[in-house]
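Report on the structure given below.
In this chain, residues are counted from 1 in sequence order.
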Amino acid sequence: MAVGARSGHGEPEKRPGEAEQSPVGEAPEVAVSQASQPTQAPQTSQETTGGPVGGPTGGSPGADPGDVTPESDATQDGQRAAKKQRSFWKELPILIGIALVLALVIKTFLVQAFSIPSDSMQDTLQRGDRVLVDKLTPWFGSKPERGEVVVFHDPGGWLDETTTADPGPVAGGIQKVLSFIGLMPSAEEKDLIKRVIAVGGDTVECKGNNDPVTVNGKALKEPYIFPGNTPCGDKPFGPIKVPKGRIWVMGDHRQNSLDSRYHQELDKFQGTVSEDEVVGRAIVIAWPINRWSTLPVPDTFDQKGIGAAVAPPALGLAGAVPLVLWRRSRIARKTVLKG
């Protein structure tokens with residue numbers, strides 16, 4: 001027997017064998033019965049059909065079976081959060097790898113941090129300062145200039161007397177990793193930091209006592225020298241002609257700096273350093289923060305006449321070449337006209 005086939009107008013179901021009753025006498029009773037028991041018909045339908053009328057989710061009658069309940073929303077949100085969390089941990093090694101590659105590129109081609117290990121550049125630089133060294137401009141042919149503070153590799157024999165303490169396996173391993181990516185100075189590399197006083201072609205001299213250092217006959221005014229020091233009172237030198245492609249360097253703490261003055265007898269280059277040994281120019285003090293400052297070239301190196309003078313024969317040759325060419329072209333024109 002089919003259930004739920006009522007017309008919806010309050011008429012009772014007609015069973016077989018029952019006599020047809022008068023609608024006038026029974027209609028009020030049927031209406032009262034339906035009003036007093038409004039949920040019996042859906043319950044009978046559920047028991048007979050074996051499932052809820054409202055669909056598999058137990059919702060209200062007529063609800064769409066595809067509707068999402070609040071419980072399913074929470075479940076899906078949790079799954080999405082778990083996926084996002086897993087994806088972050090998967091991407092983390094990639095991000096670390098990219099950061100290391102960028103740090104290595106910056107160290108190799110742009111800037112590198114160096115630590116100041118001694119007092120030879122006081123008061124400009126203090127022991128423990130961290131400076132950033134420009135490594136980009138040398139790739140484009142930039143050469144060291146007078147007055148610049150530069151980092152350079154040991155030319156040989158300058159640091160032989162210096163011994164470094166063993167930091168231990170753990171600290172040493174950490175330092176190697178950080179120095180590889182440019183965040184710490186290497187314990188194996190032997191680098192020095194000094195100020196360039198003269199470049200290739202210059203003549204540099206200091207007679208001692210309290211006399212100033214001269215470059216191509218021009219006296220330097222050096223306010224950066226450590227207070228109480230003399231320009232070269234403890235070690236006079238010169239005159240020395242700096243070979244091409246080399247530089248003469250000195251520390252700002254003149255009485256506490258083993259610089260070019262103390263290595264004149266080391267080889268035939270009289271204490272000068274090859275430009276090929278220069279790592280780069282120190283441009284800024286980056287640490288500690290309270291000592292942050294740039295490292296500009298002092299004004300004394302910009303004075304007129306400090307550049308190496310051009311020899312008179314060279315000037316004569318440079319002026320004679322255009323005259324000779326002009327005269328030859330004039331003679332050639334006259335020859336063509338006569339012909």
Q. Cluster question for you: counting only ILVMFWY and a side-chain heavy-atom cut-off of under 4.5 Å, with indirect links fine, are Val273 and Leu266 together?
A. yes

Q) More than 12 foreign heavy atoms under 6.0 Å from CG of Leu92: is that the case here? A) yes

Q) Under 4.5 Å between any side-chain heavy atoms of Ser274 and Arg246, yes or no? A) yes

Q: Give the minimum heavy-atom separation between Asn210 and Pro231, together with the two atoms involved.
A: OD1-CD, 3.7 Å

Q | Side chain Gln303, main chain Lys221, donor-acceptor under 3.5 Å | A | no

Q: Could you tell me whether a side-chain N or O of Glu277 sits under 3.5 Å from a main-chain N or O of Asp154, the two making a donor and an acceptor?
A: no

Q: Any chance you could lay out the side-chain contact (heavy atoms from CB on, under 4.5 Å) test for Arg195 and Glu148, step after step, and finish with the verdict?
A: CA-CA 6 Å; Arg195 189 181 298 274; Glu148 294 180 349; over 6 Å; no

Q.
Check this for me, if you would: do Arg254 and Asp259 make a salt bridge, where the nitrogen-to-carboxylate-oxygen distance has to be below 4.0 angstrom?
A. no

Q: Taking all heavy atoms of Phe237 and all of Cys232, pick out the closest pair and write down the distance.
A: CE2-CB, 4.2 Å

Q) Judged by atom type as modelled, is there a donor-acceptor pair below 3.5 Å linking the side chain of Arg130 to the main-chain atoms of Ser115? A) no

Q) Do Val213 and Ile197 have side chains that get closer than 4.5 Å, going by heavy atoms? A) yes

Q.
Less than 4.5 Å apart, side chain to side chain, heavy atoms only: is that true for Lys190 and His153?
A. no

Q.
Closer than 3.5 angstrom, by distance alone: can the side chain of Ser260 be matched with the main-chain N or O of Val249 as a donor-acceptor pair?
A. yes

Q) Is the distance between the ring centroids of Phe269 and Trp248 less than 6.0 Å? A) no

Q: Check step by step if side-chain contact (heavy atoms from CB on, under 4.5 Å) holds for Val279 and Phe114.
A: CA-CA 11 Å; Val279 177; Phe114 284 86; 4.0 Å; yes

Q. How long is the gap from OG on Ser257 to CD1 on Ile225, to the nearest 0.5 Å?
A. 11.0 Å

**Q.** Pair Lys194 + Asp252, salt bridge at N-O below 4.0 Å
**A.** no

Q) Going by heavy atoms in the side chains, are Asp129 and Pro288 under 4.5 Å from each other? A) yes

Q. Would you say the side chain of Pro298 lies within less than 4.5 Å of the side chain of Glu222, judging by non-hydrogen atoms?
A. no

(Q) Working note: His253 + Asp123, criterion side-chain contact (heavy atoms from CB on, under 4.5 Å); need CA distance, chi angles, decisive distance, verdict. (A) CA-CA 7 Å; His253 195 167; Asp123 270 345; over 6 Å; no

Q.
If you apply the rule salt bridge (charged side-chain N to carboxylate O under 4.0 Å, His left out), what do you find for Asp234 with Arg261, and how did you get there?
A. CA-CA 10 Å; Asp234 59 328; Arg261 297 171 293 166; 3.3 Å; yes

Q) Hey, are Arg127 and Asp119 close enough for a salt bridge, meaning a charged N less than 4.0 Å from a carboxylate O? A) yes

Q) Under a 4.5 Å cut-off applied to non-hydrogen side-chain atoms, are Pro138 and Val278 in contact? A) no

Q: Starting at CD1 of Ile306, measure out to CZ of Arg146 and round the result to the nearest 0.5 Å.
A: 5.5 Å

Q: Evaluate side-chain contact (heavy atoms from CB on, under 4.5 Å) for Leu258 paired with His263, printing each intermediate quantity in order.
A: CA-CA 8 Å; Leu258 298 177; His263 299 92; 4.2 Å; yes

Q: Output the distance between atom CD1 (Ile116) and atom CD1 (Ile285), rounded to the nearest 0.5 Å.
A: 8.0 Å

Q: Report yes if the side chains of Phe152 and Ile193 come closer than 4.5 Å at any heavy-atom pair, otherwise no.
A: no

Q: Say whether Leu159 and Ile247 are linked into one hydrophobic cluster, either directly or through other cluster members, by side-chain heavy-atom distances under 4.5 angstrom.
A: yes

Q | Gap separating the CG atom of Asp134 from the OG atom of Ser142, nearest 0.5 angstrom | A | 7.5 Å

Q. What distance do Leu220 atom CG and Met250 atom CE have between them, rounded to the nearest 0.5 Å?
A. 9.5 Å

(Q) Between Asp202 and Val204 (side chain of the first, backbone of the second, donor and acceptor by atom type, cut-off under 3.5 Å), is there such a pair? (A) no

Q: Using a cut-off of 6.0 Å, state whether more than 12 heavy atoms not belonging to Asp299 lie near its atom CG.
A: no

Q) Can you find a side-chain donor-acceptor pair between Lys135 and Gln112 that sits under 3.5 Å? A) yes

Q: Can you measure from CD (Glu205) to CD1 (Ile240) and round to the nearest 0.5 angstrom?
A: 9.0 Å

Q) Just one of Val284, Ile283, Thr124 clears the side-chain contact (heavy atoms from CB on, under 4.5 Å) bar with Leu295, so which one? A) Thr124

